[in-house]
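Here is the naming used below: chain letters follow the sequence lines, and residue numbers restart at 1 for every chain. Atom set for the values below is all heavy atoms of this structure, side chains included, hydrogens, waters and symmetry mates excluded. For clarity, every value in this text was computed on a predicted model and none was experimentally measured.
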Protein chains: 2
Amino acid sequence: MNSLSVNDERLLGRLQRLGEIGRGADGRLVRLAASDAEKLGRDQFVAWLKETGIEVAVDRIGNIFGIWRPEGVADNAPLMLGSHIDTVIDAGIYDGCYGVLAGLEIIATLKESGLRPDCPIAVAAFTNEEGVRFAPDMMGSLVYAGGLDVDVALATTGIDGAILGNELRRIGYDGDMEPGFIQPHAYIELHIEQGPVLEREGIQIGAVENLQGISWQRVTVNGDANHAGTTPISMRRDAGHAAARVITFLRDRALSSNTPTVATVGCMTFEPNAINVIPSRAVFTVDLRDPDEDRLREEEAALEAFLAKVARDEDVLIEVERLARFEPVKFDRQIVELVEAAASRRGHTCRRMTSGAGHDAQMIARMAPSAMIFVPSIGGVSHNPKEKTHDTDLVAGANMLLDVVASLAKASKTAEV
Amino acid sequence: MNSLSVNDERLLGRLQRLGEIGRGADGRLVRLAASDAEKLGRDQFVAWLKETGIEVAVDRIGNIFGIWRPEGVADNAPLMLGSHIDTVIDAGIYDGCYGVLAGLEIIATLKESGLRPDCPIAVAAFTNEEGVRFAPDMMGSLVYAGGLDVDVALATTGIDGAILGNELRRIGYDGDMEPGFIQPHAYIELHIEQGPVLEREGIQIGAVENLQGISWQRVTVNGDANHAGTTPISMRRDAGHAAARVITFLRDRALSSNTPTVATVGCMTFEPNAINVIPSRAVFTVDLRDPDEDRLREEEAALEAFLAKVARDEDVLIEVERLARFEPVKFDRQIVELVEAAASRRGHTCRRMTSGAGHDAQMIARMAPSAMIFVPSIGGVSHNPKEKTHDTDLVAGANMLLDVVASLAKASKTAEV
């Protein structure tokens with residue numbers, strides 16, 4: 001079985017070609033969900049599906065499926081692979097597209113090899129994973145897994161005022177199939193890490209065993225805007241200082257806790273934002289992530305308690321608004337072990353890891369055993385034109401996916417009738 | 001001598017009337033330097049000078065002087081009082097105007113009383129103290145004291161693109177006198193505190209013995225923008241966290257130092273300022289003030305050392321830009337003691353204090369012994385329509401100024417010939 005490998009030239013060539021679709025005059029790659037640029041990417045993907053000789057289906061939320069039903073194979077629940085081909089603004093070429101095109105490559109490789117799986121294999125490109133144009137992100141897979149009503153999702157208004165349902169109709173991807181029409185028996189998503197861990201540790205393959213829970217909050221601190229020169233330190237109600245204390249608290253706590261918790265304050269604004277005026281207001285966001293739900297709740301409680309303490313200490317008013325909350329996802333242990341075994345057979349270094357970002361796999365995990373495979377991102381960079389993974393790592397990851405699919409779908413010469 | 005007091009009705013009435021000049025349709029008070037609105041304020045002030053029967057002079061930078069040369073008094077170096085009548089945007093009615101109108105009121109009161117000083121007394125309204133339209137602030141007094149060439153100042157371009165010299169000509173306040181044409185033997189400026197100390201401590205009069213040195217710096221921290229979910233805490237180069245550490249360092253240092261040092265971080269921006277991205281850049285300002293030059297230098301050195309430490313600890317690059325630097329000013333001890341003595345005679349509570357804000361007095365202190373008198377600001381509020389000082393405090397402050405002027409100018413019935 002290990003003698004079989006993907007056609008690396010085809011896979012890498014398609015990645016490059018898809019990455020050229022949706023570039024503006026300024027050279028930036030922008031394929032926002034259900035846009036004209038994304039339609040071109042979808043058309044290319046569908047053309048490759050047809051070239052591979054497999055069935056194409058589109059559901060009502062615009063998810064595209066390529067389904068290989070090998071002749072003589074029972075119509076069991078398919079094995080599903082996939083990811084997304086929409087992008088952020090000024091994107092790299094790997095995020096999402098790698099998982100979709102590798103999924104297609106696995107089908108093509110198996111189909112050409114004469115091996116026959118014991119079930120259909122499908123590759124999915126889920127709609128609006130990035131969530132840049134329409135909220136929430138991971139929308140197509142969320143709808144597919146039954147987590148969001150399809151009609152509610154289709155009525156979503158984008159940042160440009162467009163309605164998703166109208167846009168899908170306009171670009172010709174308002175399919176007939178009901179989301180969930182394929183109930184896979186397992187789902188595997190191959191993806192770039194989008195973080196620095198594999199590269200820093202010199203490891204080729206990440207066997208992703210879980211996905212962090214995410215807690216997003218917006219914190220507003222209200223103090224008093226007074227003159228920076230005339231107001232003694234002891235008489236200040238400095239919203240900026242209160243905000244700074246929260247940042248250092250979160251960092252100190254994360255560093256000392258010896259857990260995988262990450263805490264980030266990414267947004268910050270001061271008002272009135274004048275050099276000689278004590279900030280009357282500081283507004284900032286807190287992004288807390290942890291693969292363990294109990295621990296994530298503990299972190300939220302610790303933040304809440306600290307905010308109460310800061311409000312007392314600094315004589316400021318603090319308001320908290322919840323922006324988003326996702327529970328952690330545990331991936332399927334058996335698939336994770338298959339990834340590790342495949343890496344070992346191919347002589348690749350491998351480590352179990354947690355996905356720090358959200359992925360379609362977390363939605364499909366609601367309906368089927370799921371897991372992910374990561375390959376290294378150079379410098380941990382993603383959502384950026386500098387996003388890059390070495391070709392050797394891209395090919396290694398695709399061969400991992402091939403081996404795991406072959407195992408799960410019991411693809412074998414002996415199965416041929 | 002103490003039986004003499006200012007005409008409180010006239011003083012308070014004029015403060016209110018000047019405070020109505022320059023209000024827009026929205027009711028906001030805006031008399032930016034050398035604007036149409038400020039011309040109306042200047043015209044009113046000049047009308048009151050003429051009504052008082054004293055000489056009016058305007059210098060080349062637009063400073064207005066009312067000069068009382070009592071008959072038979074030698075043309076000694078005058079005693080000078082004053083402040084400014086330009087305002088910030090959406091101003092209160094007291095900042096500056098109080099010192100100018102109280103100065104005029106002292107002259108009017110003495111003139112009407114039949115007392116005769118042993119030298120001329122002048123009241124000055126200095127041009128562009130606020131510095132909102134034209135930089136630097138305190139421009140008129142700086143030019144007057146020889147700290148800035150008048151032609152350079154007149155060539156200044158305002159935030160609206162206007163040239164100060166043209167604007168002064170346009171509004172008719174491009175005077176003939178050379179700045180510095182009156183060399184006062186002393187200068188006293190009465191002003192609202194613009195801070196909370198007097199009100200909090202229940203004290204009526206501040207005898208201002210010095211003025212803080214000011215150090216303004218802009219700090220830019222450069223780290224790496226990485227994904228908030230996928231980048232472990234230990235692998236981050238978080239510019240926002242580095243900035244927060246500087247804020248808490250400055251606060252902790254100021255609180256533990258038992259000195260009057262104040263440190264303020266008033267401006268802060270994060271880039272890219274996204275909830276799920278570690279800040280790659282934080283730009284913030286540091287406003288350090290201390291009445292002692294050696295200590296101010298120590299504070300600057302401590303900040304510099306801490307920034308170097310943070311750069312190492314957090315693996316970030318830190319750049320510092322100096323925006324402004326003024327040395328502290330020591331006011332004249334004899335005048336400060338006269339203020340204290342006057343407060344004691346009138347039964348007012350009084351404390352020595354430091355001015356945390358900049359004032360024209362700091363410029364005139366370059367050419368003559370100077371000092372300031374402060375009255376309480378309710379809530380410490382200034383540069384704001386809520387700026388307010390109780391009438392009783394306004395009158396008490398004016399009577400302090402009257403008494404100190406009478407002492408310094410040896411105003412007496414016996415001096416009459």
Side-chain angles (χ1 to χ4, degrees), chain A residues 193-197 200 212 214 216 218 225-236 238 240-241 243-248 251 254-255 260-270 272-279 282 284-285 287 289 323 355-358 377 379-384, chain B residues 193-197 200 212 214 216 218 224-236 238 240-241 243-248 251 254-255 260-270 272-279 282 284-285 287 289 323 355-358 377 380-384:
Chain A
E193 181 195 342
Q194 304 184 276
V197 175
R200 292 279 179 97
Q212 290 177 329
I214 299 179
W216 280 2
R218 182 185 292 126
N226 280 314
H227 194 295
T230 62
T231 313
I233 296 287
S234 62
M235 294 185 187
R236 296 179 174 212
D238 184 337
H241 177 247
R245 282 189 59 189
V246 177
I247 295 177
T248 58
R251 167 61 63 96
L255 273 185
T261 309
V262 285
T264 305
V265 173
C267 297
M268 173 69 76
T269 56
F270 278 14
N273 208 40
I275 187 167
N276 60 347
V277 181
I278 298 159
F284 60 97
T285 55
D287 174 319
R289 305 195 191 202
L323 300 178
S355 172
S377 292
V381 175
S382 184
H383 286 186
N384 188 305
Chain B
E193 182 195 342
Q194 303 182 276
V197 176
R200 291 278 178 96
Q212 290 177 329
I214 299 180
W216 280 0
R218 182 185 293 126
D224 271 341
N226 280 313
H227 194 294
T230 61
T231 314
I233 295 287
S234 61
M235 295 185 187
R236 297 178 173 211
D238 184 336
H241 177 247
R245 282 188 60 188
V246 178
I247 296 177
T248 59
R251 168 61 63 95
L255 273 184
T261 309
V262 284
T264 306
V265 173
C267 296
M268 173 69 76
T269 55
F270 277 15
N273 208 40
I275 187 167
N276 59 348
V277 181
I278 298 160
F284 60 96
T285 55
D287 174 318
R289 304 194 192 205
L323 300 178
S355 173
S377 291
V381 175
S382 183
H383 287 186
N384 188 305

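The line from NE2 of A:His241 to CD1 of B:Ile247 is 8.0 Å long, rounded to the nearest 0.5 Å. Interatomic distance, CG of A:Leu255 versus OG of B:Ser234, reported as 8.0 Å (0.5 Å rounding). Here B:His227 contributes atom NE2 and A:Asp287 contributes atom CG; the two are 8.5 Å apart, rounded to the nearest 0.5 Å. To the nearest 0.5 angstrom, A:Met268 atom CE is 11.0 Å from B:Thr269 atom OG1. Note that CZ of A:Phe284 and CD1 of B:Ile275 are 11.5 Å apart. Values are rounded to the nearest 0.5 Å. Of the inter-residue distances, the one linking B:Asn273 atom CG with A:Thr285 atom OG1 reads 7.5 Å to the nearest 0.5 angstrom.
Of the atoms belonging to B:Ala228, heavy atoms from both backbone and side chain fall under 4.5 Å from chain A. Only the backbone of B:Val277 has a heavy atom closer than 4.5 Å to any heavy atom of chain A. With a 4.5 Å cut-off on non-hydrogen atoms, B:Ile214 does not touch chain A at all. Heavy-atom distances place no part of B:Ser382 under 4.5 Å from chain A, backbone and side chain included. There is no contact between B:Arg218 and chain A, counting heavy-atom distances below 4.5 Å. If you measure heavy-atom distances from B:Thr261 to chain A, the contacts under 4.5 Å come from the backbone alone. Using a 4.5 Å cut-off between heavy atoms, B:Ala263 contacts chain A through its backbone alone, with no side-chain atom that close.
Of all heavy-atom pairs spanning B:Met235 and A:Val197, the tightest one is CE-CA, 4.2 Å. Minimum interatomic distance between A:Asp238 and B:Arg251 (heavy atoms only, all atoms of both residues): CB-NH2, 3.5 Å. A pairwise comparison of heavy atoms in B:Arg289 and A:Asn276 identifies NH2-CB, 3.6 Å as the closest pair. In terms of heavy atoms, B:Val262 sits closest to A:Thr231 at CG1-O, 3.8 Å. Shortest non-hydrogen contact noted between B:Asn226 and A:Gly379 is OD1-O, 4.0 Å.
Among residues two or more places apart in sequence or in another chain, the side chain to side chain contact (heavy atoms under 4.5 Å, CB included) test is passed with B:Asn384 by B:Val381, B:Lys386.
Chain B forms more heavy-atom pairs under 4.5 Å with one residue of A:Gly195, A:Ala244, A:Pro279 than with any other, namely A:Ala244. Residue with the most contacts toward chain A among B:Ala282, B:Gly380, B:Pro272, B:Ala274: B:Ala274 (heavy-atom pairs, distance under 4.5 Å).
Side chains of A:Pro232 and B:Pro196 form a contact here, defined as non-hydrogen atoms less than 4.5 Å apart.
Although no hydrogens or angles enter the test, the distance criterion places a donor-acceptor pair under 3.5 Å between the side chain of B:Thr230 and the main chain of A:Gln194.
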